[in-house]
Amino acid sequence: MKAIAFFYTLAASVMLAATAGLTVSCTSDDDNPVSPSDNNKWGAAQLEFDLGTTKIGAKMVEGGEYAMQFERDGEVKTFSGTLSDYYIAPVELSNRAWAAVMGSKPEGQTNDGDMYPVTMVSYNDITGPGGFLEKLNEMVKDQLPEGTKFMLPNPLQWQYAAMGGKRSKGYTYSGSNTIGDVAWYKDNSDATVHPIGQKQGNELELHDMSGNVREMTSRSLDNGKIIVCGGDWTSDAKSCNVKQSVFDTSGTASETIGIRLVLAAVPQPEAVDLGLPSGTKWANMNVGAEKPEDYGLYFTWGETVGYSDTSDGRSFDWASYKWCNGSLDTQTKYCTSSSYGTVDNKTVLDLEDDAAYVNWGSSWRMPTITEI
């Protein structure tokens with residue numbers, strides 16, 4: 001099969017086996033500046049999870065209908081819909097929390113102190129096989145409310161929480177119209193990152209959402225690129241506006257990009273026996289869908305970040321494809337013809353490039369062409 005045949009949108013996946021007000025800053029030695037509820041039951045105002053050497057927390061964000069305008073790539077975009085309830089971490093993930101899960105801190109950071117936000121981690125370090133999220137969810141599986149897991153927020157979850165959710169007062173920055181109250185940015189950071197949670201929280205008692213480090217999200221609403229939200233310690237004030245976000249096309253590690261976790265209910269696909277001779281079972285929903293009748297997300301072959309539609313010219317582009325160097329004939333992986341790049345004759349996805357495996361877990365994978 002020619003390499004170009006891989007580039008269609010993918011849908012199915014296969015199972016391999018069956019306070020109202022603002023708050024002051026939190027302490028500088030606290031990964032979890034909340035007062036947890038008992039038993040980590042879904043619906044509690046706040047939850048806590050023990051990682052052995054530290055604890056991380058999550059605060060309930062009440063969902064509902066939304067209509068939000070974002071300024072992205074110089075354009076104003078409007079999104080509307082309904083968000084389900086979810087939990088979000090009150091602070092950026094610290095180096096101490098990362099090391100508690102992964103065993104060590106990432107190298108190359110501006111400051112790798114325990115209570116500084118973890119940086120210099122790539123999208124694959126976070127979401128890929130054997131990555132942070134997989135290990136974290138395994139570590140705390142007995143503490144999680146049933147049917148939930150930790151993940152990166154999608155852009156809407158991030159922006160909705162940063163704006164204060166249902167408690168929003170419409171501030172320019174996350175929690176204030178005065179940037180210095182809520183953010184470390186170019187004019188007050190002394191050109192360095194700062195410990196988590198030192199600035200005032202927003203309406204939901206969430207800290208550092210306008211500054212300190214930008215925060216990676218799980219996927220784009222527009223075109224499959226990863227979106228990073230919030231300002232960082234090198235940003236000017238305009239870039240810290242709560243409505244600003246930027247594309248990070250590479251998902252590579254950066255000293256100005258960190259992580260904020262969300263805890264949310266996981267859509268539960270079911271394995272359906274279609275009576276195939278092989279006995280292979282297929283999912284009853286598409287990757288990215290919340291229920292069988294949803295469309296789900298679009299994925300290009302070998303990419304694990306999905307996008308929601310192809311309208312307004314937002315479709316596959318060789319220049320931005322992960323396994324190309326900017327053009328049709330420079331493909332570096334999953335190539336079966338020298339007309340398109342370096343031939344490796346790989347026609348089965350590696351797990352780290354498998355949208356179903358990365359988004360749904362180790363029981364799932366994308367089908368092969370033969371299976372389709």
*Asks:* Can you give me the closest heavy-atom contact between Leu152 and Tyr123, atom names plus distance?
*Replies:*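 In terms of heavy atoms, the two residues are closest at CD1-CE1, 3.9 Å.
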
*Asks:* Which is it for Leu328 and Tyr321 under the side chain to side chain contact (heavy atoms under 4.5 Å, CB included) test, yes or no, and what are the steps along the way?
*Replies:* CA-CA 9 Å; Leu328 171 63; Tyr321 178 52; over 6 Å; no

*Asks:* Please determine whether residues Tyr87 and Ile126 belong to a single hydrophobic cluster, defined as Ile, Leu, Val, Met, Phe, Trp and Tyr linked transitively by side-chain heavy-atom distances below 4.5 Å.
*Replies:*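 In one cluster with Tyr87: Ile126, yes.
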
*Asks:* Grouping I, L, V, M, F, W and Y whenever their side-chain heavy atoms are under 4.5 Å apart, do Trp42 and Val140 come out in a common cluster?
*Replies:*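 Result: yes, single cluster for both.
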
*Asks:* Thr256 and Val213: side chain to side chain contact (heavy atoms under 4.5 Å, CB included), yes or no, with the steps?
*Replies:* CA-CA 5 Å; Thr256 61; Val213 294; 5.6 Å; no

*Asks:* Any side-chain to backbone donor/acceptor pair from Asn154 onto Ser218? Under 3.5 Å, distance only.
*Replies:*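 Looks like no, no N/O pair under 3.5 Å.
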
*Asks:* A side-chain contact here means heavy atoms from C-beta on lying under 4.5 Å apart; do Leu261 and Leu136 qualify?
*Replies:*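 Of all side-chain heavy-atom pairs linking Leu136 with Leu261, at least one is under 4.5 Å.
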
*Asks:* Looking at Ser122, is its backbone amide N or carbonyl O close enough to the side chain of Thr252 to form a donor-acceptor pair, meaning the two atoms are under 3.5 Å apart?
*Replies:*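 Flag not set: sc Thr252 to bb Ser122 has no pair under 3.5 Å.
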
*Asks:* With rounding to the nearest 0.5 angstrom, report the CG to CG distance, Asp181 to Asn188.
*Replies:*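 One gets 10.0 Å once the value is rounded to the nearest 0.5 Å.
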
*Asks:* Check the surroundings of atom NZ in Lys166: do more than 12 heavy atoms from other residues, nucleotides or ligands lie under 6.0 Å from it?
*Replies:*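 Yes, because the 6.0 Å sphere around NZ of Lys166 holds more than 12 heavy atoms from other groups.
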
*Asks:* Backbone N or O of Tyr171 within a donor-acceptor pair of the Asn177 side chain at under 3.5 Å?
*Replies:*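 It does not hold such a pair.
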
*Asks:* With the 4.5 Å side-chain cut-off for hydrophobic clustering, are Trp184 and Met120 part of the same group?
*Replies:*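 Unlinked, Trp184 and Met120 end up in two clusters.
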
*Asks:* Does Gly231 offer a backbone N or O that forms a donor-acceptor pair with the side chain of Gln244 under 3.5 Å?
*Replies:*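 Judged by distance alone, no pair lies under 3.5 Å.
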
*Asks:* CG/Asp85 to CD/Glu62 distance, rounded to the nearest 0.5 angstrom?
*Replies:*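 Output value for this atom pair is 6.0 Å.
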
*Asks:* Looking at Asn359 and Ala355, would you say the former's side chain and the latter's main chain have a donor-acceptor pair under 3.5 Å?
*Replies:*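 Answer holds: yes.
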
*Asks:* Is a side-chain donor or acceptor of Gln109 paired with a backbone partner of Thr119 at a separation under 3.5 angstrom?
*Replies:*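 Here the side-chain-to-backbone pair exists.
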
*Asks:* Could you tell me whether the side chain of Lys105 and the main chain of Asp112 form a donor-acceptor pair under 3.5 Å?
*Replies:*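 Checked: pair present.
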
*Asks:* What are the two closest non-hydrogen atoms of Cys240 and Ser235, and how far apart are they?
*Replies:*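 Closest approach of Cys240 to Ser235, heavy atoms only: SG-CB, 3.9 Å.
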
*Asks:* Could you check whether any side-chain N or O of Glu371 sits under 3.5 Å from a backbone N or O of Thr368, counting only pairs where one atom can act as donor and the other as acceptor?
*Replies:*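 Side chain of Glu371 to backbone of Thr368, a donor-acceptor pair under 3.5 Å: yes, one is there.
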
*Asks:* Can you see which heavy atom on Trp360 is nearest to which on Val287, and at what distance?
*Replies:*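 For Trp360 versus Val287, the nearest heavy atoms are CZ2-CA, 3.6 Å.
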
*Asks:* Write down the atom of Pro117, the atom of Val193, and the distance for their closest heavy-atom approach.
*Replies:*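 Shortest heavy-atom separation between Pro117 and Val193 comes out as CG-CG2, 3.6 Å.
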
*Asks:* Start with the C-alpha gap between Glu138 and Lys135, add the side-chain angles, then the distance that decides, and say whether salt bridge (charged side-chain N to carboxylate O under 4.0 Å, His left out) holds.
*Replies:* CA-CA 5 Å; Glu138 177 63 23; Lys135 291 186 176 181; over 6 Å; no

*Asks:* How long is the span from the OG atom in Ser363 to the NZ atom in Lys281, to the nearest 0.5 Å?
*Replies:*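 It is 11.5 Å, given to the nearest 0.5 Å.
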
*Asks:* Out of curiosity, Tyr116 OH to His194 NE2, how far, rounded to the nearest 0.5 Å?
*Replies:*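 One gets 7.5 Å once the value is rounded to the nearest 0.5 Å.
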
*Asks:* Ignoring hydrogens and angles, tell me if any N or O in the side chain of Asp329 forms a donor-acceptor pair with the backbone of Ser339 under 3.5 Å.
*Replies:*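 Judged by distance alone, no pair lies under 3.5 Å.
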
*Asks:* Using a 4.5 Å cut-off on heavy atoms from C-beta on, say whether the side chain of Ile227 contacts that of Trp158.
*Replies:*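 No, side chains not in contact.
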
*Asks:* Would you say Val101 ends up clustered with Leu47 if hydrophobic residues are merged whenever their side chains have heavy atoms under 4.5 Å apart, either directly or through other cluster members?
*Replies:*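 Yes; Val101 is reachable from Leu47 via cluster members.
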
*Asks:* Just jot down the side-chain contact (heavy atoms from CB on, under 4.5 Å) partners of Val242, sequence neighbours excluded, or say none.
*Replies:*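 Val242: side-chain contact (heavy atoms from CB on, under 4.5 Å) contacts with Ala162, Met163, Ser174.
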
*Asks:* At their closest point, which heavy atom of Val91 faces which heavy atom of Gly197, and how far apart are they?
*Replies:*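 Answer, listing the atom of Val91 first, then Gly197: CG1-CA, 4.1 Å.
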
*Asks:* Would you call Arg214-Asp232 a salt bridge at under 4.0 Å N-O?
*Replies:*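 Looking at Arg214 and Asp232, the cut-off is met.
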
*Asks:* Can Lys322 and Glu303 be counted as an ion pair, charged N to O under 4.0 angstrom?
*Replies:*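 Judged by the 4.0 Å cut-off on N to carboxylate O distance, Lys322 and Glu303 do not form a salt bridge.
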
*Asks:* Which distance, rounded to the nearest 0.5 Å, do you find between the CH2 of Trp282 and the CG of Asn284?
*Replies:*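 Trp282 atom CH2 to Asn284 atom CG measures 13.0 Å (nearest 0.5 Å).
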
*Asks:* Counting distance only, does the side-chain N/O of Tyr86 pair as donor-acceptor with the main-chain N or O of Gln157 below 3.5 Å?
*Replies:*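 Such a contact is found between Tyr86 side chain and Gln157 backbone.
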
*Asks:* May I ask you to test the Lys149-Leu133 pair for a side-chain heavy-atom distance under 4.5 Å?
*Replies:*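 They are not in contact (no side-chain heavy atoms under 4.5 Å apart), so the answer is no.
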
*Asks:* Can you name the nearest heavy-atom pair linking Lys243 to Gln159, along with the distance?
*Replies:*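 For Lys243 versus Gln159, the nearest heavy atoms are CA-OE1, 4.0 Å.
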
*Asks:* Evaluate the side chain to side chain contact (heavy atoms under 4.5 Å, CB included) criterion for residues Leu349 and Trp301: first the C-alpha distance (whole Å), next the side-chain angles of each, then the deciding distance (0.1 Å), finally the verdict.
*Replies:* CA-CA 8 Å; Leu349 290 169; Trp301 187 262; 3.4 Å; yes

*Asks:* Take a 6.0 Å sphere around CD of Glu293 and say whether it holds more than 12 heavy atoms from other residues, nucleotides or ligands.
*Replies:*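 Yes - once you tally the heavy atoms of other residues, nucleotides and ligands closer than 6.0 Å, there are more than 12.
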
*Asks:* For Lys186, look at atom NZ and say whether over 12 heavy atoms of other residues, nucleotides or ligands are found less than 6.0 Å away.
*Replies:*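 Open.
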
*Asks:* Just verifying a value: how many Å separate Gln200 CD and His207 NE2, rounded to the nearest 0.5 Å?
*Replies:*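 One gets 9.0 Å once the value is rounded to the nearest 0.5 Å.
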
*Asks:* Quick one: do Leu144 and Phe49 satisfy side chain to side chain contact (heavy atoms under 4.5 Å, CB included)? Show the steps, please.
*Replies:* CA-CA 8 Å; Leu144 293 170; Phe49 301 87; 3.8 Å; yes

*Asks:* Out of curiosity, does Met216 fall in the hydrophobic cluster containing Trp233 (side-chain heavy atoms, cut-off under 4.5 Å, transitive links)?
*Replies:*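 As far as the 4.5 Å side-chain criterion goes, Met216 and Trp233 are not connected within one cluster.
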
*Asks:* Evaluate the side-chain proximity of Thr347 to Ile369: yes if any heavy-atom separation is below 4.5 Å, no if none is.
*Replies:*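 No. Closest side-chain heavy atoms not under 4.5 Å.
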
*Asks:* Do the rings of Trp98 and Phe132 sit parallel, tilted or perpendicular, given the 30° and 60° boundaries?
*Replies:*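 Aromatic pair Trp98/Phe132 classed parallel.
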
